[in-house]
Amino acid sequence: MEENQNRIEGTVETVIYQNEENGYTVLKLDVGEDLVTVVGCMPGVAPGEALSAEGTWARHASYGEQFKAEVARRGMPTGEKAIFDYLASGAVRGIGMATARRMVEEFGSDALEVLENQPEKLTAIKGITRKRALAMGEAFRLQMGMRRLLDFLTGHGLPPQLGMPLYRRFGDRALEAVRANPYLLTEGELSIPFGQADALALELGFDREDSQRLEAGLSFTLRHNLDNGHTFLPRGKLLAATAALVGGVEEPETLASALDALLQQGTVVEEEVAGEDACYLAQLHEAECAVADRIAAMSGGELCPPENLDQLIRRIQTAQGITYAPQQRRAVELAARRQVMLLTGGPGTGKTTSLRGVLALFEALGLDTALAAPTGRAAKRLGELCSAEGVTIHRLLETRFDARTGRLVFAHNENDPLKADAVIVDETSMVDITLMSALLSALREDCRLVLVGDPDQLPSVGAGNLLADLIRSGRVPTVRLTEVFRQAAESAIIRTAHQVNEGTPPSLKNDSRQDFFFLRRPDPAAAEETIVELVRQRLPENMGIQPQQIQVLSPTRKYAGGTASLNRAIQAAVNPPSEEKGERRFGPYIFRQGDRVMQVKNNYDIMWKTPDGLEMGMGIFNGDIGRILEVDNRREVVTVDFDGHLVDYSPDMLGELEPAYAVTVHKSQGSEYRAVILTALDTAPRLLTRGVLYTAITRARELLVIVGDEGVVARMTANSRQSKRYSGLRARLAGGE
């Protein structure tokens with residue numbers, strides 16, 4: 001691909017494709033001597049418009065040279081032909097080719113001025129009523145509002161992609177809203193970095209100690225730290241972090257006053273929690289309190305168990321061909337006696353057997369039970385283990401995205417609860433406080449809840465430390481399975497996982513009879529070469545494990561042995577370019593038919609369908625892994641199969657995908673793979689922890705191979721440090737007894 005910075009100008013000849021949701025457009029531009037294909041975010045652009053674009057040239061393998069517009073400035077069409085082309089294109093709702101011709105015949109080059117400012121004059125044209133004339137004028141004014149908004153954004157160096165969500169939220173007041181408060185660009189669906197919004201505000205004349213600026217900085221700091229797992233920040237830490245973010249605040253009291261204003265508005269809530277002056281975003285405070293209150297209520301008192309409980313359990317054991325160990329039997333009995341319970345334990349301790357027993361008990365009691373997990377892969381695995389359908393929590397609650405607020409909403413809540421009599425949630429360590437609050441609010445008052453998970457795995461990506469807080473509070477009835485069964489203990493994977501969890505350096509001696517191997521490759525280049533060889537040749541030929549059943553994991557995205565470099569190398573080895581395979585370049589990636597890819601952000605609006613087209617739904621979520629079925633460059637579509645959910649990605653959406661031959665350990669949570677290859681090379685110390693190593697090991701079902709430096713494995717095993725998360729859930733539950 002050849003790329004050169006350039007600028008082109010011309011008149012829009014035709015619009016080939018336009019995504020109305022985000023404004024991504026493919027068009028032909030008449031530059032005088034030739035027609036040029038231009039692609040980029042240009043919402044509402046129509047034939048006849050003057051267009052000036054800045055960007056790069058790229059040569060497409062099938063369609064030749066294209067211009068990728070990074071910034072596009074549009075001018076209204078001038079001259080009767082250009083105005084007719086513009087109106088006849090359908091750019092203005094209610095105006096087609098015949099009406100456009102009559103308007104130009106009647107008003108000539110003044111047609112657009114009449115349409116915007118004097119639409120009632122359109123009644124002079126036969127067939128146009130006053131009502132229709134005013135509607136056409138209103139539609140055109142709305143479109144001009146979008147144009148002016150985009151001109152404003154691009155003129156200040158902001159991405160035009162902000163235009164569509166701003167317009168969905170504020171309508172024709174969008175530009176006015178941004179001028180009045182540029183910091184709203186840091187919120188919700190928009191979420192640009194604070195520095196970009198701050199630069200715009202300062203350009204518009206905002207003072208460095210303006211109350212809006214300081215309040216926005218405080219809110220941004222709290223939102224940013226949700227990604228670090230904190231549901232709150234202590235007041236002192238919040239003020240210090242925000243002071244560093246905004247800079248230029250001479251008196252500390254000024255920032256404290258801004259925080260007090262947010263407290264008065266109710267945007268932020270301050271409360272003493274576990275000895276800290278805790279500052280929460282209002283919605284996080286509400287979520288944490290709601291979880292604490294509902295869990296405490298569900299934990300109080302015992303249910304009346306069936307009189308024939310012992311007989312029921314014996315019947316279940318006979319049906320499953322098993323005799324429960326004491327801890328497993330206790331789990332089944334507890335599920336009969338308590339409305340909420342926790343079931344925890346490491347690999348090989350019988351969680352699956354216990355879970356099947358609990359589910360069989362609920363079925364025997366006539367309870368309608370829903371199985372759910374945080375991710376699609378975890379839900380699918382849960383369903384397979386229990387021989388029933390498992391769904392994501394988002395799908396169970398029926399996710400919706402509120403474009404007005406930029407927030408997630410669910411169809412099921414306290415006003416429309418789930419019909420289920422019982423809900424079993426697996427991989428609870430991955431559930432954040434906001435999602436748990438939504439789930440609890442959707443449960444009927446008498447609904448039972450069983451939370452299953454391994455507290456030694458990494459905590460959720462989102463805010464909170466839910467599973468650990470619930471266990472440590474001592475408030476929730478808990479069964480922790482600790483006995484490693486003999487058959488499981490024969491697995492070197494399971495033995496290694498428990499050794500690491502106990503802080504004991506694992507044995508790295510190889511035995512051909514084992515399911516765990518260590519390959520010493522301290523040099524990053526040699527490690528990468530070995531990993532590619534394992535995926536491409538050694539495991540398929542020697543172990544019968546095909547590349548699509550192998551998952552490479554790394555603690556890091558960057559640096560030596562990171563997923564970025566590994567993905568490029570593995571793709572070249574197992575899915576090289578071919579004339580039979582379509583491919584498309586986006587940023588640093590080439591997406592090719594047959595590639596394994598991962599969705600890297602929650603997208604609640606994206607539509608999926610089943611291969612037979614009989615079922616459709618919304619939402620693909622962060623961490624979902626799929627395979628590229630087709631790259632159709634004519635239609636500008638990449639089709640990905642996420643375990644039977646087919647999604648069409650237009651070019652502007654490809655930023656939500658990444659190659660997934662290698663993924664980070666954090667991204668692998670909730671998944672299980674037939675074979676796992678883990679890189680163990682020197683990288684940032686915060687990533688080389690016992691939790692990361694333990695989580696990676698427990699992703700492997702049949703085979704684990706660690707490639708790297710034994711010293712790194714030892715350091716990870718010894719490093720039990722966990723990042724501190726500010727969360728008040730444990731204190732609320734413990735203090736409520």
Side-chain angles (χ1 to χ4, degrees), residues 3 5-29 36-58 60 63 66-76 86 89 91 142-171 174-175 178 182 185-186 188-193 196-197 200 401 403 406 584-589 591 600-601 603 605-606 633 635-638 648-657:
E3 293 193 352
Q5 291 293 329
N6 219 317
R7 175 191 179 98
I8 58 172
E9 295 180 351
T11 303
V12 178
E13 178 73 16
T14 56
V15 175
I16 299 170
Y17 168 83
Q18 190 160 78
N19 186 320
E20 293 185 2
E21 285 296 309
N22 52 38
Y24 180 83
T25 304
V26 181
L27 58 82
K28 291 288 187 181
L29 189 69
V36 173
T37 301
V38 182
V39 299
C41 183
M42 297 169 280
V45 70
E49 292 190 37
L51 182 72
S52 170
E54 298 175 11
T56 57
W57 289 101
H60 192 282
Y63 301 105
Q66 295 180 342
F67 190 84
K68 294 185 176 182
E70 297 170 6
V71 176
R73 296 180 177 85
R74 296 152 55 187
M76 289 307 296
Y86 173 76
S89 71
L142 287 174
Q143 192 179 92
M144 293 305 294
M146 169 61 85
R147 179 188 296 273
R148 293 182 184 111
L149 173 64
L150 291 173
D151 288 345
F152 174 82
L153 293 172
T154 55
H156 287 278
L158 294 170
Q161 288 85 350
L162 296 173
M164 295 301 288
L166 277 169
Y167 220 71
R168 283 198 297 269
R169 182 173 172 186
F170 297 104
L175 179 54
V178 174
L185 296 173
T186 64
E189 184 185 7
L190 302 164
S191 295
I192 69 170
Q196 282 186 271
L200 172 60
F401 184 75
R584 187 170 191 90
R585 181 182 290 274
F586 185 88
Y589 308 125
F591 294 108
V600 294
K601 63 175 287 190
N603 188 330
D605 285 337
I606 200 168
N633 285 307
R635 291 193 305 128
E636 302 264 319
V637 165
V638 174
D648 286 343
Y649 286 79
S650 54
D652 52 295
M653 298 162 61
L654 292 178
E656 298 181 10
L657 289 178

Let me confirm one number: the CG-CD distance from L29 to E13, rounded to the nearest 0.5 Å. 9.5 Å

With a 4.5 Å cut-off on side-chain heavy atoms, are F170 and L175 touching? no

Shortest non-hydrogen contact from M653 toward I606: CE-CD1, 3.3 Å

For V600 and G655, which heavy atoms make the closest approach, and how far apart are they? CG2-O, 4.0 Å

V12 vs M42, side-chain contact (heavy atoms from CB on, under 4.5 Å): CA-CA, chis, key distance, verdict: CA-CA 11 Å; V12 178; M42 297 169 280; over 6 Å; no

Answer yes or no: is there a side-chain heavy-atom contact under 4.5 Å between V36 and W57? yes

side-chain hydrogen bond (donor to acceptor under 3.5 Å, both in side chains) against T186, all qualifying residues, sequence neighbours excluded: R223

CD of E9 to CD of E54, rounded to nearest 0.5 Å, is 9.5 Å

Check against side-chain contact (heavy atoms from CB on, under 4.5 Å), V39 and Y17: CA-CA 9 Å; V39 299; Y17 168 83; over 6 Å; no

From I192 CD1 over to L153 CG, what is the distance, rounded to the nearest 0.5 angstrom? 9.0 Å

With sequence neighbours left out, write down each residue that passes side chain to side chain contact (heavy atoms under 4.5 Å, CB included) with A46, or none if nothing qualifies. E49, Y86, S89, A91

Could you tell me which residues satisfy side-chain hydrogen bond (donor to acceptor under 3.5 Å, both in side chains) with S52, sequence neighbours excluded, listed by chain and number? R7

Go through the structure and list residues passing ring-ring contact (aromatic ring centres under 6.0 Å, His included) with Y589, not counting sequence neighbours. F591

Using the side chain to side chain contact (heavy atoms under 4.5 Å, CB included) criterion, which residues pair with T11? Sequence neighbours excluded. none

Rounded distance [0.5 Å steps], CD in E636 versus CG in L654: 9.5 Å

Taking only residues two or more places apart in sequence, or in another chain, which ones meet D648 in a side-chain hydrogen bond (donor to acceptor under 3.5 Å, both in side chains)? T639

With P159, which residues qualify under side chain to side chain contact (heavy atoms under 4.5 Å, CB included), at least two apart? Q161, L162, Q196

Would you call V45 and Q18 a side-chain contact if the rule is heavy atoms closer than 4.5 Å? yes

Among all residues two or more places apart in sequence or in another chain, which pass the ring-ring contact (aromatic ring centres under 6.0 Å, His included) test with F152? H156

Restricting to side-chain hydrogen bond (donor to acceptor under 3.5 Å, both in side chains), what partner residues turn up for E656, sequence neighbours left out? Q599, N603

Who are the side chain to side chain contact (heavy atoms under 4.5 Å, CB included) partners of A53, not counting sequence neighbours? I8, F67, A69

T154 OG1 to L149 CG distance, which is reported to the nearest 0.5 Å: 9.5 Å

V38 vs Q66, test: side-chain contact (heavy atoms from CB on, under 4.5 Å). Steps then yes/no. CA-CA 6 Å; V38 182; Q66 295 180 342; over 6 Å; no

